[in-house]
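Worksheet: one structure, shown below.
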Protein chains: 2
Amino acid sequence: MPVNIRDIAKAAGVSVATVSKALNGYRSVNASTREKVQRIAKEMQFHPNAAARSLVGQRSMTLGVFLTTGLSHPFFASLLGGVDQALQARGYDLIYLSQVSWREEYNFVRHCRSRNVEGVLVFGFQESDMDFGELIESRLPAVFIDMEISGSHIATISSDNVEAIRSAVRRLHEWNHRRIAFIAGQPGSYASRTRFEGYREGLAEFRLPFRQEYVIAGDFTRESGYEAAKRLLALPVRERPTAIVCCSDMSAIGAMEAAAEEGLSVPDDLSIVGFDDIEAARSVRPALTTIRQDTQSIGRKAVELLDDLIREADIPSKQVILPTEWVSRGTCAPAP
Amino acid sequence: MPVNIRDIAKAAGVSVATVSKALNGYRSVNASTREKVQRIAKEMQFHPNAAARSLVGQRSMTLGVFLTTGLSHPFFASLLGGVDQALQARGYDLIYLSQVSWREEYNFVRHCRSRNVEGVLVFGFQESDMDFGELIESRLPAVFIDMEISGSHIATISSDNVEAIRSAVRRLHEWNHRRIAFIAGQPGSYASRTRFEGYREGLAEFRLPFRQEYVIAGDFTRESGYEAAKRLLALPVRERPTAIVCCSDMSAIGAMEAAAEEGLSVPDDLSIVGFDDIEAARSVRPALTTIRQDTQSIGRKAVELLDDLIREADIPSKQVILPTEWVSRGTCAPAP
DNA sequence: GTGAAAGCGCTAACAG
DNA sequence: CTGTTAGCGCTTTCAC
């Protein structure tokens, strides 16, 4: 029994059409009646029925999020903070699109249509994990976070991974590190790929040789960081890296454990750089030097981008890249 | 331009009413026409417009989740896995209810009404954080996870915290531990409160004295576990606990760090028990002995409960308590 | 400026 | 068994 537009029309002594116009701020209705209607609507705690609005062909003000298990990544949690903000500011609600909805029979895109979803946020995938062809063809506006996809009505957003790692290499180089290793993330993921690119560019910039044995693939986890560092530290002493740049804080923390096991002191014998600046980076000992992603802004911007895509006519594929921040803590020092 | 019920009525050569009935599986329509309609609907990839359905007064098949920042706890990630499953199975979609929606002016409950939300899942709060009075009065079905709230159309779900900790104390007692300490979680939170209750009951069961100095309040984090353990281990050696039961894995891991700093060996000098069985529990060294919550089931059950609440007429307040599982790893041993 | 009326896609009486 | 019809709550022509 929520109050509807007719109730307030009666209370205000005007027609429903006038109420609708007044509430939507049309200038074609007399200022005084407009205010009166708005006042009454507020008093009666009127909130329009979203289904009716959506049905009449107008905006549904609904966005979808589609994500994988990646949810458990701390990254997503802080992302949601920014998403929430922007959602509020732009008046959208968010509907969670289940992973299972992505099947042949019960198509994801059609599910969006059926729910009148105006646009989707996609996060947590590797591009290769899934076929986004249908999404792209559907012209349903979409913003991909940390993925490389293009098409019309499509935008992507991510941190400036290349520059972040390149400048990490630069800092380490300034500290006289010459043997700098790299622990990659999930092979094939956008984040790992671009960060690796930054690593190569950084090496190139300072004419440091690229050595295959200094690059170990992982999957962003602590365990994989541990294993990778073990292998790195098993190299002959004179070949051993003096610094390791990691694709995630978790893997950096794993690397720190490996170093401890090998009896190496961080940062005196070995410098380690993480990526993300998750909470654990601060509480680990020594506290982790890392590259902070502005997850809050990524979330906020992603929603804003999606809103733009929805409202503007034909936006060409758009890429947004956000700067990162170097967070100096206790795991980096001049080369031994 | 998604296909609608009229399109398929035309294609099938029947009326829209028949299509509607056929699609909803009414027995009042001839089996052969029903099958024909269903086949055509499938071929044409028809999916009913959720807004229209919802508008006509039927089910909206939409549930809301309301959560706080607590989201960053790994607990919620796996919870969502179970939620997702049940959502699928019961055909609901999930809409994320922004924290900001909980304000005087833009009331949360009315937001749900306006979106035709049929029921809400609430988690991440302490009961005291917020006034749920209006929610309860509204009779909007709600399931609270890890909270103690009652009312009609309300259910709660959580792990059997009391029994979990009580039996942890029992195991430690069997291993001849007599000085068993407890690191609590956020004071006022349901989880911490009930786990503390289990601790007291456990002590009582074996006639171990309750000592105030063996109970330290924390907030579930690693840091708080570290600080608490530091204080516990600062007691005179003969008073020092030989075992610590923690309210979370994170605080247990913090306690392990404190023990290491104090030069104590876990589990030889000190046994430590965690709670949750998060991923890190397995990767920390020694691996953490802990109490596993079946988060997946909690999430699934929560949705099922909510669905029951929505469909059944007047269900009295209902509490579901799920068993936990003792996970024996490397941080517990007989008392020194 | 304002209101009457049509209609969004669907379901539920009620006739036939 | 099937079809006709009347709305659900809202926005939007189009008259007045």
Side-chain angles (χ1 to χ4, degrees), chain A residues 1-38 40-41 44-62 91 93 110-118, chain B residues 1-38 40-41 44-62 91 93 110-118:
Chain A
M1 57 248 50
V3 356
N4 64 25
I5 203 176
R6 234 169 21 232
D7 298 328
I8 89 137
K10 206 178 299 172
V14 294
S15 73
V16 293
T18 305
V19 172
S20 174
K21 287 171 199 153
L23 259 21
N24 289 304
Y26 283 33
R27 331 241 340 106
S28 71
V29 23
N30 187 340
S32 69
T33 43
R34 186 166 61 225
E35 278 156 29
K36 181 180 172 193
V37 167
Q38 287 172 342
I40 294 185
M44 300 181 67
Q45 307 192 327
F46 168 77
H47 287 283
N49 182 315
R53 264 205 169 155
S54 165
L55 183 57
V56 75
Q58 289 312 104
R59 315 281 313 271
S60 74
M61 298 312 286
T62 304
D93 271 314
R110 281 194 299 278
H111 186 71
C112 290
R113 296 278 185 224
S114 127
R115 281 269 171 186
N116 302 294
V117 166
E118 298 192 55
Chain B
M1 56 249 53
V3 355
N4 65 25
I5 203 176
R6 234 168 21 233
D7 298 329
I8 88 138
K10 205 177 301 172
V14 294
S15 75
V16 291
T18 305
V19 172
S20 175
K21 287 171 201 154
L23 259 21
N24 290 305
Y26 283 33
R27 331 242 338 105
S28 70
V29 25
N30 186 339
S32 69
T33 44
R34 186 167 61 226
E35 276 155 31
K36 180 180 173 193
V37 167
Q38 287 173 342
I40 294 186
M44 299 182 68
Q45 306 191 327
F46 168 77
H47 287 282
N49 182 315
R53 265 202 168 159
S54 164
L55 183 59
V56 75
Q58 287 315 103
R59 316 279 314 271
S60 73
M61 298 312 286
T62 305
D93 271 317
R110 279 195 300 279
H111 186 71
C112 289
R113 295 279 185 224
S114 125
R115 282 270 172 184
N116 302 294
V117 166
E118 298 192 55

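Proteins get letters first, then strands, A, B, ... in listed order; numbering begins at 1 in each.
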Considering just the side-chain nitrogens and oxygens of [X], establish if one lies under 4.0 Å of OP1 or OP2 belonging to [N].
| X | N | value |
| --- | --- | --- |
| A:Asn49 | D:dC8 | no |
| A:Asn4 | D:dC8 | no |
| A:Arg53 | D:dT11 | yes |
| B:Thr18 | D:dG3 | yes |
| B:Ser20 | C:dT11 | yes |

A:Asn30 vs A:Val56, nearer the 5' end of DNA chain C by closest nucleotide: A:Asn30

Whichever of B:Val3 and A:Arg34 has its nearest DNA chain C nucleotide further upstream toward 5': A:Arg34

Once you round it to whole Å, what is the distance between [atom2] of [N] and [atom1] of [X]?
| X | N | atom1 | atom2 | answer |
| --- | --- | --- | --- | --- |
| A:Arg6 | D:dG7 | CZ | P | 10 Å |
| A:Asn116 | C:dC10 | CG | P | 10 Å |
| A:Met61 | D:dC10 | CE | P | 16 Å |
| A:Arg115 | C:dC10 | CZ | C1' | 14 Å |
| B:Ile5 | C:dG7 | CD1 | P | 18 Å |
| B:Arg113 | D:dG9 | CZ | P | 14 Å |
| B:Arg27 | D:dT2 | CZ | P | 13 Å |
| A:Asn24 | C:dT2 | CG | C1' | 16 Å |

If you check every side-chain atom of [X], which of [options] has the closest atom?
| X | options | result |
| --- | --- | --- |
| A:Leu55 | C:dC10, C:dT2, C:dG9 | C:dG9 |
| A:Lys21 | D:dG3, C:dC10, D:dT12 | D:dT12 |
| B:Ser15 | C:dC10, D:dG3, C:dG3 | D:dG3 |
| A:Ser28 | C:dT2, C:dG3, D:dG3 | C:dT2 |
| A:Ala17 | D:dT11, C:dA13, C:dA4 | C:dA4 |

Quick check on DNA chain D: between A:Tyr26 and B:Thr33, whose nearest nucleotide comes earlier from the 5' end? B:Thr33

Is there a donor-acceptor pair closer than 3.5 Å between any side-chain N or O of A:Ser54 and the backbone N or O of B:Ala51? no

Could you tell me whether the side chain of A:Lys21 reaches within less than 4.5 Å of the side chain of A:Arg34, counting heavy atoms only? no

Would you indicate whether the side-chain heavy atoms of B:Arg113 and A:His47 approach each other to under 4.5 Å? no

Step by step, work out the side-chain contact (heavy atoms from CB on, under 4.5 Å) result for B:Asn116 and B:Thr62. CA-CA 7 Å; B:Asn116 302 294; B:Thr62 305; over 6 Å; no

Is it the case that B:Ser60 and B:Arg115 place a side-chain donor and acceptor less than 3.5 Å from each other? no

Knowing that exactly one of B:Val19, B:Val29, B:Asn30, B:Ile40 qualifies, which makes a side-chain contact (heavy atoms from CB on, under 4.5 Å) with B:Val14? B:Val19

